[in-house]
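In what follows, residues are counted from 1 in the order of the sequence shown.
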Amino acid sequence: MKNKLLLLLFLCCSILQAQEYFPTNTGVKTTKNNVYAFKNAKIYVTPTKIIKKGTLLVKDGKVVSVGKSVSIPKNAHTVDLNGKTIYPSFVDVYSSFGIEKPKRQSGFGKRPQYDATRKGYYWNDHIRPDVDGSKLFKFDGKKAKELIKLGFGAVNTNMQDGIMQGTGVLVALNPHSSDAYRVLDSRSGNYLSFSKSAKSRQSYPTSRMGAMALLRQTYLDADWYAKGNAKNKDLALQALNNNKDLPQIFNAGGYLEDMRADKVGDEFGIQYTIVGGGNEYERINDIKKTNATYIIPINFRKAYDVSNTFLTNRIALSDMRSWNQEPSNPAVLAKNNIPFALTTHDLKSAKDFTANLQKAISYGLDKTKALEALTTVPAKILKNNKIGNLETGSYANFLITSGDLFDKKTTVYENWVQGMKNEINPMNIKDITGKYTLTVNGQSYDMTISGKAAKQTAAIKKGDQKVNSKFNYANDWVSITLREGDTFTRLTGQMFDKNIQGTAIDTNGNESNWTATFVSKEDKKDEKKKKKEDTPEVVAISYPNIGFGNHTKPQAQTLLIKNATVWTSENGEILTNTDVYIKDGKIANIGKNLPKRGATVIDGTGKYVTTGIIDEHSHIAASAINEAGHNSTAEVTIEDVVDPNDINIYRNLAGGVTSIQILHGSANPIGGRSAIIKLKWGENADNMIYKNTPKFIKFALGENVKQSNWGDLQTVRFPQTRMGVEQVYIDYFQRAKEYDTKKKSGQPYRKDIELETLAEIINKERFISCHSYVQSEINMLMKVAEKFNFNINTFTHILEGYKLADKMKEHGVGGSTFADWWAYKFEVNDAIPYNAAIMHNQGVTVAINSDDAEMSRRLNQEAAKLVKYGGLSEQDAWATVTINPAKLLHLDNRTGSIKVGKDADIVVWNDNPLSVYAKPEKTIIDGAIYFDIEKDKSKRQAIKAERAKLINMMLKEKIKGGKTQAPVKKTKKLFHCDTE
């Protein structure tokens, strides 16, 4: 057998060697000479290694030698490139070139699919690391020629479908060879995204936080599988483990998503290369902290057509800013030393790439950094040192240009790929740009020729009057058509040295001679003037980068609020003519006539000072609320999707709110984990989230979880009845109990994020806030909890709480409710406005929450309703939005009242906080002023001025001939419990 294999190997080698001299029916045999020497060129071996008057020697598609003293073989084709420049061809590191994206499967929007369809693979269809891009690749000659014209020599491509997408393929854009030759790497990287596969209708995940949870669980399962613990073969996990040493490229698509992707990578020791979205400049310091290399699209938006005032008013300031600021993104990345590559990805037309690249340069992108972003950085990302440079041994992928590659006047003549020429513009066209005196039939004209050598244009004037004309230049011949009134004159001539001479024929057929005498190149002053005019103005970035943002983040101050009425929320205590001293983000002292001690003084005379309002149940400041793909999603967390840019954060500050719990929605009996944040307007998501807080999770009862209001086609998920909901809880808690027992026993176990979370509940390490309405279900869940020896922490909504308030007290559960919402759906029919007061009188800790972006900024008025409905005292009513929600969140040792040592979360009101006339004048969090009513007024004026400025800039853009787009109104989606 061994001898047979050796013989077979010998025959294969003989065949391969024999191919060079196989007879062909082409006449006399010749050996192709593929040695080329390009001499006297300025050569960019790399963006920073430049040779003047050098020689590039190429053979068999590779660089043989490069330098000043290169020995040129006698049989080489020698090309003299005196005055010309050679650059490495570009590399597009992220593309779908040659790989057709799958179309979305029919049936979406009908019955949901909960199980996977692929047998022998992972349980989720959107995990597809087994996909091999090289097997899907088909060379697209038309698209290749388009990219070659843009300067690209190699493209890295993959199947952009799914959350884990499989491996990619690196190919040379060589239209003259076969795939066997042009494929440079058949496993160029492992690719990921947050988007589901178009090939599957599987419901999970339905949200960004679900996608992040799925990624985490997949990595955990891959590790479990790699250790040989799995009983079954899983081709997806096997492929993922095989791909782990490849470059890991994650298509995120915007700075918030960039940081979310990086967060997942960091948890598993993976440094992703991140495909950004072009807005990284907005949070550049956070982007830098990711330590990632970025792949940046330059798909800059067009200016908005602002000619219609009514429609213009629909455009959000953030969108106007994006138009103005997006082109600065590459420059900002470069200035902050963040490595990045540029890509054609996301461009509607690849033809826009060059113009957008030049625009980025005009916005401050250094040309060397631009070249690195298209050559050496992509090569480094792909761990391939044979592309993106012209070092000896590298692929002979290079451009020949008339000069500076990024100058608008420069002509790209040729793009050689794997040592094969692709002509873009004829190299023999001369640059005849400059000023001329044109003389025709005794008439004198001023003619200015400008533009690239291959596409030169002429502007002709007679005195101050512009003359209509057409101009063409090719192969040293010039043709011009002049039109003056009804008279046409056609000129044809040839270049002689710097001047042009030829024959003119007018409308009547009269023939004469004409000349164009060279005067000078374009005036340097004119060039400088143009550069100055072309330098764009970029409006200042704020945090967040929308209206009402701050150009600098608020900092903690030493503050002294003097002579105010202080509602402490400490057992209803009210202090009059009292001072509150704030230092280092804490309440340092409370008393009368406190010394200033270097503090900024706030006059509280006639004003009220309270602790900040706490909203126990909110859905603002998040990018997603429900993960509806399963009946239990304990593995997801709202902390993954906190959105620091939500304008409702600022509006809540204006209503005196300082802390909120962002709860998962009510799509499933067991929802996701919550995020408890301080409304630090301008901070990033991570800095808003409370550190070391108690852990919470959202559960839900009622109509939503059993899909009674989802529509007939959607109602296929278990449970479909209220008794089924109970069984879900019992089943999952039993599984969690068994899981926890095995974990604590020291036996090998598969880490399951969902069961880990549920085990925390049983171990009293995580607290439940449960969406609830109907008495029977509320009673049921308390009994289930008691069966597993824990308590429910909070029933939220709890509109039938008055029916079993005594049982709630006995169980030890709090109630977070509405003041006077009722009858908005069937299971709320028995709601009454006295609900909160009845629960309070039974000793239940009661909070008033919002569950609504509008109501959350007037929770002071919601609390006031309890004085009317139930006769609560003002201080007991006020406690329902301050100390009581703090107690329900187990944060009352840190916030919720004015007490020495607590966080300085303070609101200064102009009136009694329970009055409809009360307005917060200052909202302070950790000693920093995040809302000031006087500064708010000035911000409104600044927004008007900025809008006017940006409108004028867009009008100028349109006047100059720039493309525009129709105004688009940005609609903010407001989340509630049942939001999809």
Side-chain angles (χ1 to χ4, degrees), residues 111-112 206 616-619 625-628 630-633 663-671 698-729 768-784 792 794-805 807-808 813-839 844 846-856 862 865-866 869-870 973-980:
R111 287 191 179 275
T206 63
E616 185 275 341
H617 183 156
S618 177
H619 296 307
I625 288 299
N626 272 303
E627 173 46 63
H630 289 156
N631 58 17
S632 170
T633 56
L663 282 171
H664 187 277
S666 56
N668 25 36
I670 301 174
K698 172 75 172 289
F699 276 32
L701 303 167
E703 294 180 7
N704 296 351
V705 300
K706 68 185 187 69
Q707 299 185 309
S708 61
N709 50 6
W710 288 40
D712 291 342
L713 291 174
Q714 298 293 318
T715 53
V716 295
R717 189 192 73 188
F718 184 85
Q720 292 294 302
T721 64
R722 293 179 195 265
M723 55 188 172
V725 174
E726 179 181 10
Q727 193 57 48
V728 166
Y729 292 134
I768 295 172
S769 182
C770 185
H771 166 113
S772 56
Y773 289 103
V774 178
Q775 174 188 10
S776 58
E777 288 189 293
I778 296 164
N779 205 31
M780 172 272 290
L781 188 58
M782 288 192 290
K783 289 180 179 179
V784 170
I792 305 300
T794 310
F795 280 113
T796 189
H797 304 322
I798 191 69
L799 293 181
E800 290 190 14
Y802 66 93
K803 294 182 179 181
L804 68 169
K807 292 183 179 180
M808 291 175 62
V813 63
S816 184
T817 188
F818 303 129
D820 61 351
W821 279 24
W822 59 77
Y824 51 87
K825 60 180 177 176
F826 184 78
E827 62 184 351
V828 193
N829 272 359
D830 284 358
I832 61 174
Y834 296 91
N835 180 51
I838 293 172
M839 288 192 293
V844 175
V846 177
I848 298 296
N849 68 62
S850 73
D851 189 20
D852 179 78
E854 170 59 29
M855 193 167 74
S856 60
E862 297 300 304
K865 293 174 183 178
L866 302 189
Y869 296 117
K973 187 174 184 179
L974 299 179
F975 293 127
H976 298 90
C977 281
D978 56 356
T979 304
E980 293 182 10

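With rounding to the nearest 0.5 angstrom, the CG atom of Leu799 is 13.5 Å from the CD atom of Gln775. To the nearest 0.5 Å, atom NE2 of residue His619 and atom CG of residue Asp851 are 4.0 Å apart. Separating the NZ atom in Lys807 from the CD1 atom in Ile778 is a distance of 11.0 Å, to the nearest 0.5 Å. Here the CG atom belonging to Asp830 is positioned 11.0 Å from the CG atom belonging to Asn835, to the nearest 0.5 angstrom. Between the NZ atom of Lys706 and the CG atom of Asn631 there is a distance of 15.0 Å, given to the nearest 0.5 Å. How far CD of Glu800 is from CD1 of Ile832: 10.0 Å, rounded to the nearest 0.5 Å.
Every residue two or more places apart in sequence or in another chain that forms a side chain to side chain donor-acceptor pair (under 3.5 Å) with Tyr773 is listed here: Tyr824. In this structure Ser772 satisfies the side chain to side chain donor-acceptor pair (under 3.5 Å) test with no other residue, sequence neighbours excluded. Under the side chain to side chain contact (heavy atoms under 4.5 Å, CB included) criterion, Lys865 pairs with Ala819, Asp820, Glu862, Tyr869, not counting sequence neighbours. For Ile768, the side chain to side chain contact (heavy atoms under 4.5 Å, CB included) partners two or more places apart in sequence, or in a different chain, are Ile697, Phe699, Phe733, Ile761, Cys770, Phe790, Ile792. The side chain to side chain contact (heavy atoms under 4.5 Å, CB included) test applied to Ala847 returns Ser816, Pro885, Leu888, not counting sequence neighbours.
Of all heavy-atom pairs between Thr817 and Ala836, the closest is CG2-CB, 3.9 Å. Contact detail for Pro669 and Val705: the closest heavy-atom pair is N-CG1, 3.5 Å. Of all non-hydrogen atoms in Ala837 and Gly870, the two that sit nearest each other are CB-CA, 3.6 Å. Of all non-hydrogen atoms in Ala805 and Val844, the two that sit nearest each other are O-CG2, 3.6 Å. Of all heavy-atom pairs between Gly815 and Ile798, the closest is CA-CG2, 4.1 Å. Closest heavy-atom contact between Asn704 and Ser666: ND2-OG, 2.7 Å.
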Evaluate the criterion side-chain contact (heavy atoms from CB on, under 4.5 Å) for residue pair Leu781 and Tyr729; output intermediate values, then yes/no.
-> CA-CA 8 Å; Leu781 188 58; Tyr729 292 134; 3.7 Å; yes

Step by step, work out the ring-ring contact (aromatic ring centres under 6.0 Å, His included) result for His797 and His617.
-> CA-CA 9 Å; His797 304 322; His617 183 156; 5.0 Å; yes

Are Phe795 and Met782 close enough, and set up right, to give a side-chain contact (heavy atoms from CB on, under 4.5 Å), and what steps lead you there?
-> CA-CA 10 Å; Phe795 280 113; Met782 288 192 290; 3.7 Å; yes

Derivation of the side-chain contact (heavy atoms from CB on, under 4.5 Å) call for Leu663 and His771 = CA-CA 10 Å; Leu663 282 171; His771 166 113; over 6 Å; no

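In this structure, Ile848 and Phe818 have side chains that are not in contact, with every pair of non-hydrogen atoms separated by 4.5 Å or more.
Annotation: salt bridge (charged side-chain N to carboxylate O under 4.0 Å, His left out) contacts involving residues 769-783, sequence neighbours excluded, comprise Arg722-Glu777.
If you run side-chain hydrogen bond (donor to acceptor under 3.5 Å, both in side chains) between Glu627 and each of Thr633, Asn668, Thr206, only Thr206 comes through. A side chain to side chain contact (heavy atoms under 4.5 Å, CB included) with His976 holds for exactly one of Asn626, Ile625, Asp852; it is Asp852.
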